[in-house]
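All remarks here apply to the structure that follows.
In this chain, numbering begins with 1 at the start of the sequence shown.
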Amino acid sequence: MKLKKLALMAAALTLMSTQSAWSEYRIALMPFGLPEYMSTFVNEIEQHPLVKDGTVKITVLDGRFDASVQSNQMDTLITQRVDAIIFSPIDSEAATAPVARAAAAGIPVIGAVTKANSDQMFAYIGTNDVDGGRIIAEHMASELKGAGNVVILEGPIGNSPQLLRREGIDGVLARNPDLKLLASKTANWSRAEGLAVMENWLSLYGDAVNGVIAENDEMALGAIQAIEGKGLDTAKVKVVAIDGIQDGIRAVKSHGLFTLFKSAHHEGQGALDLALRAVVGESYEPKADIWQGDMTWAGGTAKQYDVPWIEITPANADKFLKN
């Protein structure tokens with residue numbers, strides 16, 4: 001009887017120890033900034049089952065579109081000895097050293113949405129941005145029947161989606177020599193900057209602009225505002241973009257925008273599962289529902305997890321609108 005009681009006590013202590021260990025896991029998020037898509041990404045992580053039940057505590061540090069801010073934030077997290085870091089850097093090259101410092105401190109770093117130029121990441125989860133750039137540029141080529149004048153609104157220079165989407169776009173332009181590039185400029189993922197840059201281009205080139213290739217929806221929405229503000233028609237000045245934010249999806253229905261949807265749910269909740277896999281080890285079983293559909297867990301050991309793109313059209317847009 002005494003032995004049975006001792007065994008029950010030992011089992012209870014083991015359970016308490018396990019619960020205590022889980023409750024102590026602290027995961028830090030380092031988004032490069034908090035525009036609409038990244039805010040949605042953070043919110044998706046906060047809706048992960050293990051965050052909602054209190055198992056995991058999340059800390060969010062806004063990088064404010066500044067590589068030096070993100071570098072200092074990484075040092076703070078290393079000092080605080082968080083268990084893992086989910087990192088979306090503003091500058092892929094500038095991110096290399098902060099990742100190396102975290103790795104030297106034994107803190108796993110999971111890349112999501114944007115890439116660091118580093119081989120010391122535990123894993124990366126995100127869309128294939130070269131493919132994204134290629135798809136929207138091919139759509140533009142099709143809309144213009146292979147000939148016309150285009151402009152490109154780019155993300156922050158050095159941000160991995162800017163670099164990789166531009167690579168995909170340039171490949172299509174090279175294969176379509178009658179598509180002429182009039183101008184390209186960063187608008188820093190900003191609707192307001194997209195509006196200002198597009199207004200300037202319309203002043204310079206007028207109705208010679210046949211198409212706008214925007215590397216994200218926010219800049220595309222600014223361009224559409226500028227186009228319509230000049231009395232031009234988006235049925236004639238084609239606009240393509242990436243992200244599938246809510247206003248972008250509405251613009252597919254009302255302004256003829258073509259955009260690609262990237263799933264913040266997949267990128268966010270997938271990143272947290274990978275962070276926990278890095279901390280817990282091979283016994284960790286992922287909790288996000290994404291691994292039961294179009295994503296393969298692969299034991300949590302793959303170095304890169306590709307989130308699929310979805311083309312948004314007037315026919316399927318309503319399925320992606322939340323209200």
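- Note that CD1 of I249 is 5.0 Å distant from CG of L321, once rounded to the nearest 0.5 Å.
- The backbone N or O of N117 lies less than 3.5 Å from a partner atom in the side chain of T96, making a donor-acceptor pair.
- For D129 against R165, the heavy-atom pair with the smallest separation is OD1-NE, 2.8 Å.
- Residue K303 qualifies as enclosed at atom NZ: its count of foreign heavy atoms under 6.0 Å is above 12.
- Counting heavy atoms from C-beta outward, K57 and I27 have side chains that stay 4.5 Å or more apart.
- Looking only at atom types and distance, the side chain of D53 has a donor-acceptor partner in the side chain of T55 under 3.5 Å away.
- A search for ring-ring contact (aromatic ring centres under 6.0 Å, His included) contacts involving F261 returns F320, not counting sequence neighbours.
- By the 4.5 Å heavy-atom criterion applied to side chains, R277 and F122 are counted as neighbours.
- In this structure, N188 CG and F65 CZ are separated by 7.5 Å, a value rounded to the nearest 0.5 Å.
- In this structure, the side chain of S71 does not engage the main chain of A67 through any donor-acceptor pair within 3.5 Å.
- Residues forming a salt bridge (charged side-chain N to carboxylate O under 4.0 Å, His left out) with K238 (at least two apart in sequence, or on another chain): E143.
- Under the 3.5 Å distance criterion, with hydrogens and angles disregarded, a donor-acceptor pair is assigned to the side chains of H265 and E44.
- The shortest heavy-atom contact between A208 and L182 is O-CD1, 4.2 Å.
- A donor-acceptor pair under 3.5 Å links the side-chain atoms of R81 to the main chain of A105, judged by distance alone.
- The pair D131-R134 meets the salt-bridge criterion, since a charged nitrogen lies less than 4.0 angstrom from a carboxylate oxygen.
- Side-chain atoms of E199 do not come within 3.5 Å of backbone N or O of A226 as any donor-acceptor pair.
- Counting heavy atoms from C-beta on, the side chains of P286 and Q269 never come closer than 4.5 Å.
- Note on residues 107-118: no pairs pass salt bridge (charged side-chain N to carboxylate O under 4.0 Å, His left out), not counting sequence neighbours.
- Side chain of D91 to backbone of E93: a donor-acceptor contact under 3.5 angstrom is found.
- For the atom pair L232 CG and K236 NZ, the distance stands at 9.0 Å (nearest 0.5 Å).
- When every heavy atom of M74 is checked against every heavy atom of A102, the shortest pair comes out as SD-CB, 4.0 Å.
- L202 CG to K230 NZ: the interatomic distance, rounded to the nearest 0.5 Å, is 6.5 Å.
- Between F41 and S88 there is a side-chain heavy-atom pair separated by less than 4.5 Å.
- At least one donor-acceptor pair under 3.5 Å links the side chain of D217 to the backbone N or O of I245.
- For the pair T234 (side chain) and V237 (backbone), a donor-acceptor distance under 3.5 Å is absent.
- A distance of 10.5 Å separates CG in L272 from CD in E46, rounded to the nearest 0.5 Å.
- Pairing each heavy atom of L153 with each of A187, the nearest pair is CD2-CB, 4.1 Å.
- Between L257 and I224, the closest side-chain pair of non-hydrogen atoms falls below 4.5 Å.
- Annotation for D207: atom CG does not count as buried by contact number, only 12 or fewer foreign heavy atoms lying within 6.0 Å.
- The existence of a salt bridge linking K287 and D273 is excluded, since no basic side-chain nitrogen approaches an acidic carboxylate oxygen closer than 4.0 Å.
- For the 3.5 Å distance criterion, the side chains of E228 and H255 qualify, holding a donor opposite an acceptor.
- Looking only at side-chain heavy atoms (C-beta outward), L61 and L29 stay at 4.5 Å or farther from each other.
- Ion pair R166/E154 flagged as a salt bridge, since at least one NZ, NE, NH1 or NH2 atom sits closer than 4.0 Å to an Asp/Glu carboxylate oxygen.
- In plain terms, the two heavy atoms of Q70 and M30 that are nearest each other are O-CE, 3.2 Å.
- Considering only heavy atoms from C-beta on, P89 stays 4.5 Å or farther from F32 through its side chain.
- Every ring-ring contact (aromatic ring centres under 6.0 Å, His included) that Y305 has, sequence neighbours left out, goes to W291.
- In this structure, L179 shares a hydrophobic cluster with I135, I136, M140, L144, V150, I152, I169, L173, L181, I213, V240, I242, F258, L260, W309, the cluster being traced through Ile, Leu, Val, Met, Phe, Trp and Tyr side chains under 4.5 angstrom apart.
- Annotation for M295 and P308: closest pair SD-CD, 4.0 Å, computed over non-hydrogen atoms.
- Under a 3.5 Å cut-off, the side chain of N316 and the backbone N or O of T313 do form a donor-acceptor pair.
- With hydrogens and angles ignored, the 3.5 Å screen pairs a side-chain donor or acceptor of N176 with a backbone N or O of V172.
- S118 places a side-chain N or O within donor-acceptor distance of the main-chain N or O of Q120, the cut-off being under 3.5 Å.
- The closest side-chain heavy-atom distance from K180 to N210 is not below 4.5 Å.
- Sorted by first and then second residue, the salt bridge (charged side-chain N to carboxylate O under 4.0 Å, His left out) pairs with a member in residues 244-268 read R191-D247, D247-R250, K253-D318, K262-E267; sequence neighbours excluded.
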